Amino acid sequence: MREPRTVLVTGASSGIGLEAARALAASGALVVLACRDAARGQAACAQVAAAGGRAELLELDLACLAGVRCAADEFKKRHGRLDALVNNAGIWTRERRTTADGLELIFGTNHVGHFLLTRLLQDRLEATRPSRIVNVSSEAHKSGRLDFDDLQLERRWSGWQAYANSKLANVLFTRELARRLPPGVTANAVHPGVISTRIFRDLPGWLKALFGLVFASPEKGARPLVRLCDGPDVADVSGRYFDKLEERPGSAASQDAAAAARLWKASEQLAGLS
């Protein structure tokens, strides 16, 4: 029997990840919710199931390279196909922290963890062609400035710069990945809009409440992700950056092919792939 269409969404316990999972499950896909917190992930799966969709939990800690490898192995044990991978999870912190592997936490989670996960699942995506990869970036990438001599921002760190750099890395990774993928597998980056999600959980309570009033809903933010996973109009589009539903060029830095190739090599080293 043919396996159901299978989609993996990281950071799917809340926010736009959960809303994208709901929508993709409603279209008939089996959605694997990759979450760091197992309890919140199980609750999210229950929400998807309660609406009539099929969902299962995959425990994934993007801030731990060994954990990413374990999650990829577990996914492969369970599933012989992967029709779409949505790299959605993201983090922002007010203070500089490091991962279990010594990487700056924001860059390590938002970029390196997703880089490793994608590379480890690439064979499943290629075997399932046509298949798609969606990397959730941000307009914040326009403030990104990658210093390849200090990717971890050890000399001059700020939460905003670390986040912007990680989002620029998402776009550069997308462009280089698309160049390397075989026909039938696409990769695109998307800014879903300024959304009220748990990524701002480190902010003061009053500011989070204000953001909740001003920013767009997670349901609205999920639409561009679902379209890039499912939309027939973008089935053959790859290596592009989307601002919500519109294709845009992105920043000049995000179109630097030499920087994209250099980041790929650096990311392989950081992820232990080289």
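Heads up: numbering here begins at 1 and tracks the sequence. Just so we're clear, the structure is a prediction, and the values are computed from it rather than from any experiment.
Judged by a 6.0 Å distance limit and a 45° cone about the ring axis, Arg180 is positioned over the six-membered ring of Trp264.
Arg81 contributes no side-chain N or O that, together with a main-chain N or O of Ala127, makes up a donor-acceptor pair within less than 3.5 Å. Of the possible donor and acceptor atoms, one in the side chain of Thr10 sits under 3.5 Å from a partner among the backbone N and O of Ala89. Counting only distance, with no hydrogens or angles, the side chain of Asn88 and the backbone of Val136 share no donor-acceptor pair below 3.5 Å. Between the side chain of Ser238 and the backbone N or O of Ala187 there is at least one donor-acceptor pair closer than 3.5 Å. For the pair Arg129 (side chain) and Pro183 (backbone), a donor-acceptor distance under 3.5 Å is present. The main-chain N or O of Arg240 is found under 3.5 Å from a side-chain atom of Asn188 such that the two form a donor-acceptor pair. Listed for the Gln255 side chain is a donor-acceptor partner under 3.5 Å among the backbone atoms of Gly250. Remark: the backbone N or O of Ile91 is paired with a side-chain donor or acceptor of Asn110 at under 3.5 angstrom. Side chain of Asn165 to main chain of Arg145: a donor-acceptor pair is present (N/O by atom type, distance under 3.5 Å, no hydrogens or angles). Judged by distance alone, with hydrogens and angles left aside, the side-chain atoms of Asp83 form a donor-acceptor pair with the main-chain N or O of Thr6 at under 3.5 Å.
With a 4.5 Å cut-off on side-chain heavy atoms, Glu56 and Arg78 count as touching. Residues Ile106 and Trp157 have side chains in contact (heavy-atom distance under 4.5 Å, counting atoms from C-beta outward). Under the 4.5 Å side-chain criterion, counting only non-hydrogen atoms from C-beta, Asp149 is in contact with Arg155. Counting only heavy atoms from C-beta outward, the side chains of Val48 and Leu18 approach each other to under 4.5 Å. In this structure the side chain of Asp230 reaches within 4.5 angstrom of the side chain of Arg5, judged on heavy atoms. Looking at heavy atoms from C-beta onward, Thr93 lies out of side-chain contact with Tyr163 at the 4.5 angstrom threshold. At least one side-chain heavy atom of Leu225 sits less than 4.5 Å from a side-chain heavy atom of Val190. The side-chain heavy atoms of Arg96 and Glu154, taken from C-beta on, include a pair separated by under 4.5 Å.
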Next on the checklist: Determine whether His141 and Tyr241 satisfy the following criterion, ring pair (Phe, Tyr, Trp, His ring centres under 6.0 Å), listing intermediate values before the conclusion.
Outcome noted: CA-CA 11 Å; His141 85 273; Tyr241 173 76; 4.7 Å; yes
Checklist entry - Does the pair His79 and Leu8 meet the rule for a side-chain contact (heavy atoms from CB on, under 4.5 Å), with working shown? => result CA-CA 11 Å; His79 301 286; Leu8 190 157; over 6 Å; no
Checklist entry - Gln122 and Val185: side-chain contact (heavy atoms from CB on, under 4.5 Å), yes or no, with the steps? => result CA-CA 9 Å; Gln122 188 174 331; Val185 187; over 6 Å; no
Next on the checklist: Please evaluate residues Val112 and Leu65 with respect to the criterion side-chain contact (heavy atoms from CB on, under 4.5 Å), reporting the C-alpha separation (whole Å), side-chain torsions for both, the decisive distance (0.1 Å), and the verdict.
Outcome noted: CA-CA 9 Å; Val112 180; Leu65 297 178; 4.1 Å; yes
Checklist entry - Taking it one step at a time, do Lys167 and Asn170 satisfy side-chain contact (heavy atoms from CB on, under 4.5 Å)? => result CA-CA 5 Å; Lys167 297 292 103 179; Asn170 293 157; 2.8 Å; yes
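Taking the charged nitrogens against the carboxylate oxygens, Glu176 and Arg179 do have a contact shorter than 4.0 Å, which makes a salt bridge. A salt bridge links Glu268 and Arg119; the closest N-O separation between the charged side-chain nitrogens and carboxylate oxygens is under 4.0 Å.
The two residues Cys229 and Leu24 have their closest heavy-atom pair at CB-CD2, 3.9 Å. For the residue pair Gly221 and Pro192, the shortest heavy atom distance occurs at O-CB, 3.4 Å. Closest approach of Val171 and Ser254 over heavy atoms only: CG1-CB, 3.7 Å. Closest of all the heavy-atom pairs between Ala55 and Leu33 is CB-CD1, 3.8 Å.
Residue Phe75 is grouped with residue Leu60 when hydrophobic side chains (ILVMFWY) are merged at heavy-atom distances under 4.5 angstrom, including chains of intermediate members. In the hydrophobic clustering of ILVMFWY residues, with side-chain heavy atoms under 4.5 Å counting as a link, Leu85 and Leu62 come out together. Note on Val134: it clusters hydrophobically with Phe242, by side-chain heavy-atom contacts below 4.5 Å among ILVMFWY residues. Neither Leu57 nor Val68 shares a network with the other; the hydrophobic side chains, linked directly or stepwise wherever heavy atoms of I, L, V, M, F, W or Y lie under 4.5 Å apart, form separate groups for each. Residues Val237 and Leu245 do not share a hydrophobic cluster, defined by chaining ILVMFWY side chains whose heavy atoms lie under 4.5 Å apart.
Here CG of Leu82 is found 4.0 Å from CG of Leu125. Values are rounded to the nearest 0.5 Å. We find the SG-CD distance between Cys35 and Gln42 to be 9.0 Å, quoted to the nearest 0.5 Å. Going from atom CG of Leu181 over to atom CZ of Arg132 covers 13.5 Å, rounded to the nearest 0.5 Å. Atom OG of Ser166 and atom CG of Leu105 lie 10.5 Å apart (nearest 0.5 Å). Between atom NZ of residue Lys76 and atom CZ of residue Arg124 there is a gap of 6.0 Å, rounded to the nearest 0.5 Å. The distance from the CG atom of Asp150 to the CD atom of Gln152 is 8.0 Å, given to the nearest 0.5 Å.
Ser13 and Asp37 are not linked by any side-chain donor-acceptor pair at a separation below 3.5 angstrom, with hydrogens and angles left out of the test.
Around atom CG of Asp233, more than 12 heavy atoms belonging to other residues, nucleotides or ligands sit under 6.0 Å away.
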